[in-house]
Amino acid sequence: MMKLFYSSGACSSSCHIGMEEAGLSYQGIMVDWDNPDANLAELERLNPLGVAPVLVSDQGKVLTQNTAILEYIADLKPSSHLLAEKGTWERVETMSWLSFAASDFHKSFIPLFRADAMTSSPAAREDIKKFAIQDVKNNLAHLDRNLVGKDYITGKNFTVADAYIFVVTGWCKWMDIKIDEFKNLGAYMNRVYQRPAVQKVLKSEGLLD
Ligand SMILES: N[C@@H](CCC(=O)N[C@@H](CS)C(=O)NCC(=O)O)C(=O)O
């Protein structure tokens with residue numbers, strides 16, 4: 001059986017959501033850097049970068065990186081429509097949003113998470129955080145504009161890009177960044193939140209409101 005190593009509320013939750021949306025059989029293994037255990041040691045053995053997600057395929061092969069794992073999951077279950085067929089515009093559009101989520105959007109939060117490690121100067125930390133909050137807000141505004149009249153980021157279907165965007169947007173709550181001004185994004189977050197697969201994942205990761 002496939003194994004998915006993930007961490008609660010982290011980017012790897014997008015793969016956890018993907019697994020549930022696709023209805024695949026897998027063993028979910030939660031790791032926590034604050035409580036190191038044998039599962040964390042195993043993840044660090046499998047992925048020298050020491051980060052989640054890590055997927056171990058049915059054949060025992062190891063795959064890292066959210067975007068690759070999400071594409072792999074989607075292609076294992078084409079009937080779930082998490083990604084359109086290869087060679088279609090719909091597919092590359094989803095890949096474009098997935099890339100935005102993994103690079104621009106995810107990474108815009110890193111200075112907020114790591115400001116303390118970047119400098120010992122309290123004033124510089126505040127400057128870094130101010131810059132990062134503006135960067136995150138620019139990305140939220142970009143999403144908001146692109147959600148006008150749509151249920152999901154590429155239109156009517158929930159895709160793997162939505163799984164990643166939902167998880168990263170959720171970090172705003174932890175960072176005290178209000179998303180109220182982004183009406184389309186707020187409605188979208190509620191819509192994704194209500195999905196049964198998402199509810200199942202949030203419950204198992206201890207994240208239900
Ligand atoms: N580019 C990587 C990013 C993975 C990553 O940064 N994972 C973070 C959580 S979002 C992690 O596991 N961090 C380990 C830690 O918290 O120490 C991917 O797409 O898989």
Side-chain angles (χ1 to χ4, degrees), residues 4-18 28-55 62-70 97-144 153 160-182 185-186 188-189 192-193 198 201-209:
L4 177 70
F5 291 79
Y6 64 88
S7 167
S8 172
C11 54
S12 49
S13 301
S14 65
C15 297
H16 198 186
I17 290 172
I29 302 170
M30 189 146 92
V31 295
D32 178 358
W33 276 266
D34 292 333
N35 295 294
D37 62 3
N39 288 331
L40 182 59
E42 177 66 357
L43 174 142
E44 289 177 343
R45 189 186 67 77
L46 294 169
N47 182 3
L49 291 177
V51 292
V54 175
L55 179 132
V62 176
L63 190 63
T64 61
Q65 299 295 328
N66 283 287
T67 50
I69 295 173
L70 285 166
W97 280 111
L98 194 55
S99 183
F100 167 80
S103 51
D104 305 290
F105 195 27
H106 179 158
K107 294 300 166 186
S108 63
F109 278 86
I110 302 303
L112 284 174
F113 293 149
R114 307 292 311 275
D116 293 357
M118 288 174 172
T119 173
S120 56
S121 154
R125 271 182 206 152
E126 286 317 302
D127 285 347
I128 289 170
K129 287 183 182 170
K130 213 165 129 191
F131 169 86
I133 287 171
Q134 190 52 53
D135 202 17
V136 167
K137 284 191 168 175
N138 291 345
N139 288 327
L140 296 172
H142 179 62
L143 286 166
D144 195 59
I153 197 63
V160 287
D162 296 298
Y164 208 152
I165 290 167
F166 172 77
V167 169
V168 175
T169 305
W171 296 344
C172 289
K173 205 157 63 177
W174 299 346
M175 294 291 115
D176 210 18
I177 299 173
K178 303 269 178 286
I179 68 162
D180 306 359
E181 64 187 286
F182 307 112
L185 184 60
Y188 164 86
M189 287 299 283
V192 177
Y193 180 82
V198 173
V201 168
L202 294 176
K203 188 167 181 213
S204 73
E205 295 192 6
L207 294 170
L208 274 186
D209 286 343

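The figures that follow rest on heavy atoms only: side chains count, while hydrogens, waters and symmetry mates do not.
- Across A163 and I17, no two heavy atoms sit closer than the pair CB-CG2, 4.0 Å.
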Inset, instruction - List the steps, then state whether ring pair (Phe, Tyr, Trp, His ring centres under 6.0 Å) holds for F105 with H142. - result: CA-CA 10 Å; F105 195 27; H142 179 62; 9.6 Å; no

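- Between D144 and Y188, the side chains place no donor N or O within less than 3.5 Å of an acceptor N or O (distance only, hydrogens not considered).
- Across all non-hydrogen atoms, the minimal contact from I165 to A101 is CG1-CB, 4.0 Å.
- Side-chain contact between E205 and H16: present, with at least one pair of heavy atoms (C-beta onward) separated by less than 4.5 Å.
- M30 places a side-chain heavy atom less than 4.5 Å from the side chain of S8.
- The heavy-atom pair separating A52 from F5 by the smallest distance is CB-O, 3.9 Å.
- Remark: S14 OG to I69 CD1 distance equals 8.5 Å, nearest 0.5 Å.
- Taking CG of D116 as the start and CZ of R125 as the end, the distance is 4.5 Å to the nearest 0.5 Å.
- Proximity of F100 to L143: side-chain heavy atoms (C-beta onward) are separated by under 4.5 Å at one or more points.
- Between V51 and V54, the closest heavy-atom pair is O-CG2, 3.7 Å.
- Between L140 atom CG and K137 atom NZ the span is 8.5 Å, to the nearest 0.5 Å.
- When atom types are taken as modelled, the side chain of S12 and the backbone of S7 share a donor-acceptor pair closer than 3.5 angstrom.
- Of all heavy-atom pairs between S108 and D135, the closest is CB-OD2, 3.6 Å.
- Note: Y164 and W97 fail the aromatic proximity criterion, with ring centroids not under 6.0 Å apart.
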Inset, instruction - Determine, step by step, whether W171 and V136 satisfy the side-chain contact (heavy atoms from CB on, under 4.5 Å) criterion, reporting the C-alpha distance in whole Å, the side-chain angles of both residues, the deciding distance to 0.1 Å, and the verdict. - result: CA-CA 10 Å; W171 296 344; V136 167; over 6 Å; no

Inset, instruction - Kindly indicate, with the supporting measurements, whether the criterion side-chain contact (heavy atoms from CB on, under 4.5 Å) is fulfilled by L40 and D32. - result: CA-CA 7 Å; L40 182 59; D32 178 358; over 6 Å; no

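- For the atom pair CG of L63 and CG of L46, the computed distance is 11.5 Å after rounding to the nearest 0.5 Å.
- A donor-acceptor pair under 3.5 Å is absent between the side-chain atoms of T169 and the main chain of F166, judged by distance alone.
- No hydrogens or angles considered: nothing links the side chains of T64 and N47 as a donor-acceptor pair under 3.5 Å.
- Contact detail for A161 and I153: the closest heavy-atom pair is CB-CG2, 4.1 Å.
- With C172 as the partner, the side chain to side chain contact (heavy atoms under 4.5 Å, CB included) test is satisfied by one option alone out of L112, I177, I133, L185: I177.
- Contact annotation: the side chain of P111 never approaches that of K129 to less than 4.5 Å [non-hydrogen atoms, C-beta and beyond].
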Legend entry - Verdict with supporting geometry, I128 and F131, side-chain contact (heavy atoms from CB on, under 4.5 Å): CA-CA 5 Å; I128 289 170; F131 169 86; 5.8 Å; no

Inset, instruction - Given side-chain contact (heavy atoms from CB on, under 4.5 Å), test C15 with N66 step by step and report yes or no. - result: CA-CA 7 Å; C15 297; N66 283 287; 3.4 Å; yes

